[in-house]
Structures are given as structure tokens and as C-alpha cells.
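Below you'll find the structure, written out as C-alpha cells, and then a few comments.
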Amino acid sequence: QVQLVESGGGLVQAGDSLRLSCAASGRTFGIGTRGWFRQAPGKEREFVAAIRWSGGTTYYPDSVKGRFTISRDFAKNTVFLQMNSLKPEDTAVYYCAASRLVPFQTSPDGYDYWGQGTQVTVSS
């Protein structure tokens, strides 16, 4: 099993920045991809970013490209999501996830492990 623990959420104003962290523990050997998703009330879980664990290649949807950056600390088994120029529509619970697949997965079904989520609220 793999345990994922997010931190760094909070309440910010539009235009501000926020950095989320996700620490992994347990049987992390074999994890191919780490990702971030978000879910707003009444909406489906939405892909935000992914990083290939061994090579560091990243992938983003158009909705966050240029504003969000995913990175990793290989030694600490931690991924980060740097969010800049935040908008009210970025308000959601943010979840980190881990997949044993190497090709980028944009569907929640492609991920095997999930964190508990951290709330991000952006006020206008």
C-alpha cells in the first residue's frame, strides 16, 4: 500500500499563489506517475497535473497550463503543485494521486492511490 498526505491548502485572494505538497510513504517502489486532481462541489474530479516519477516529464490540461507547475523531490518522495495567478474558479478540494502506470493518466481511474484532499479557496 501507498499512503499519500497532502498539505498546503488554504484561503487566498484572486491573483495570489499557493503551493501544495504531497508526501508518499509505504510501498512506493513501482510508482510510475504522480498527479494532482481537483473537485469542486457538484462537479466531477478534474485532472490538474501529472509528473512522470523517474524522468520528471510533466503534463497539464489547458485550464492550468502556464499557471500551475508540478515538481518532485525524488529523495523525499514528495510532489509539489505550485499554483500562481489563482482564480475563483480554481476553488476546489485538491487531491494528490499515484499511479503504477507510466503513460500519463488524465482519468481518476488511472490512479491507484489517493490522498485525503486539501481545500483551496480563492476569493474574488
Side-chain angles (χ1 to χ4, degrees):
Q1 284 290 344
V2 174
Q3 293 79 43
L4 303 173
V5 179
E6 303 104 333
S7 61
L11 171 64
V12 296
Q13 293 187 331
D16 285 351
S17 299
L18 206 58
R19 188 194 197 204
L20 307 182
S21 301
C22 174
S25 61
R27 296 190 173 188
T28 58
F29 180 80
I31 293 296
T33 304
R34 302 274 294 271
W36 287 94
F37 286 75
R38 65 187 181 187
Q39 189 165 20
K43 295 189 176 182
E44 294 186 350
R45 196 162 292 193
E46 175 191 16
F47 170 71
V48 173
I51 187 166
R52 197 159 283 151
W53 189 244
S54 62
T57 308
T58 59
Y59 182 72
Y60 307 91
D62 288 343
S63 57
V64 306
K65 194 176 294 183
R67 298 190 300 124
F68 291 10
T69 303
I70 187 171
S71 60
R72 77 199 197 292
D73 184 325
F74 203 85
K76 295 183 178 180
N77 230 329
T78 299
V79 295
F80 305 96
L81 185 68
Q82 178 67 41
M83 303 184 293
N84 298 329
S85 302
L86 282 163
K87 306 174 182 179
E89 51 263 44
D90 294 319
T91 295
V93 177
Y94 283 70
Y95 298 90
C96 72
S99 171
R100 297 200 175 275
L101 300 174
V102 174
F104 285 124
Q105 305 295 309
T106 60
S107 167
D109 293 340
Y111 289 80
D112 305 288
Y113 306 100
W114 293 87
Q116 80 286 357
T118 185
Q119 177 70 46
V120 172
T121 304
V122 184
S123 63
S124 57

Common cluster, I70/L86, ILVMFWY with side-chain heavy-atom separation under 4.5 Å:
yes
Can you find a heavy atom in the side chain of V48 that is under 4.5 Å from one in the side chain of Y95?
no
Do the side chain of R100 and the main chain of F29 share a donor and acceptor less than 3.5 angstrom apart?
yes
With rounding to the nearest 0.5 Å, note down the distance linking OG in S99 to CG in D109.
11.0 Å
Within the 4.5 Å heavy-atom criterion, are W36 and F68 side-chain neighbours or not?
no
Does E6 form a side chain to side chain contact (heavy atoms under 4.5 Å, CB included) with Y94? I'd like the steps, not just the answer.
CA-CA 8 Å; E6 303 104 333; Y94 283 70; over 6 Å; no
Using every non-hydrogen atom in the two residues, find where A49 and L81 come nearest and quote the distance to one decimal.
CB-CD1, 4.0 Å
For the hydrophobic clusters of this structure (ILVMFWY residues joined by side-chain heavy atoms under 4.5 Å, transitively), does one cluster hold both Y111 and V93?
yes
To the nearest 0.5 Å, atom CG of L4 lies from atom CD1 of I31 at 7.5 Å
Does R34 use its side chain to pair, donor to acceptor, with the backbone of T78 at less than 3.5 Å?
no
Where is the tightest heavy-atom contact between R72 and G55, given as atom of each residue plus distance?
NH2-C, 4.1 Å
Short side-chain to backbone donor-acceptor contact, T33 and V102, under 3.5 Å:
yes
Any chance you could lay out the side-chain hydrogen bond (donor to acceptor under 3.5 Å, both in side chains) test for R52 and Y59, step after step, and finish with the verdict?
CA-CA 9 Å; R52 197 159 283 151; Y59 182 72; over 6 Å; no
Any donor and acceptor pair, going by atom type alone, linking the side chain of T106 with main-chain N or O of F47 inside 3.5 Å?
no
Restricting to ring pair (Phe, Tyr, Trp, His ring centres under 6.0 Å), what partner residues turn up for F74, sequence neighbours left out?
W53
Same cluster or not: are V64 and F104 linked, directly or through other Ile, Leu, Val, Met, Phe, Trp or Tyr residues, by side-chain heavy atoms under 4.5 angstrom apart?
no
Interatomic distance, Q116 atom CD to S7 atom OG [nearest 0.5 angstrom]:
8.5 Å
How about Q3: does its CD atom have over 12 heavy atoms from other parts shown lying under 6.0 Å from it?
yes
Is any side-chain heavy atom of E46 closer than 4.5 Å to one of S63?
yes
What's the spacing between S107 OG and F37 CZ if we round to 0.5 Å?
6.5 Å
Pair T69-Y60, side chain to side chain contact (heavy atoms under 4.5 Å, CB included): steps then yes or no
CA-CA 8 Å; T69 303; Y60 307 91; 3.8 Å; yes
What one should report as the nearest heavy-atom pair of S17 and Q82 is CB-NE2, 3.8 Å
One thing to verify: whether K87 and D90 come together as a salt bridge, which I'm taking to mean a side-chain N less than 4.0 angstrom from a carboxylate O.
no
Is T91 reaching over with its side chain to a backbone N or O of P88, donor-acceptor style, under 3.5 angstrom?
yes
Contact check, side chains of V122 and M83, non-hydrogen atoms, under 4.5 Å:
no
Over all heavy atoms of both residues, which pair between T121 and Q119 is shortest? Give the atoms and the distance, please.
OG1-NE2, 3.3 Å
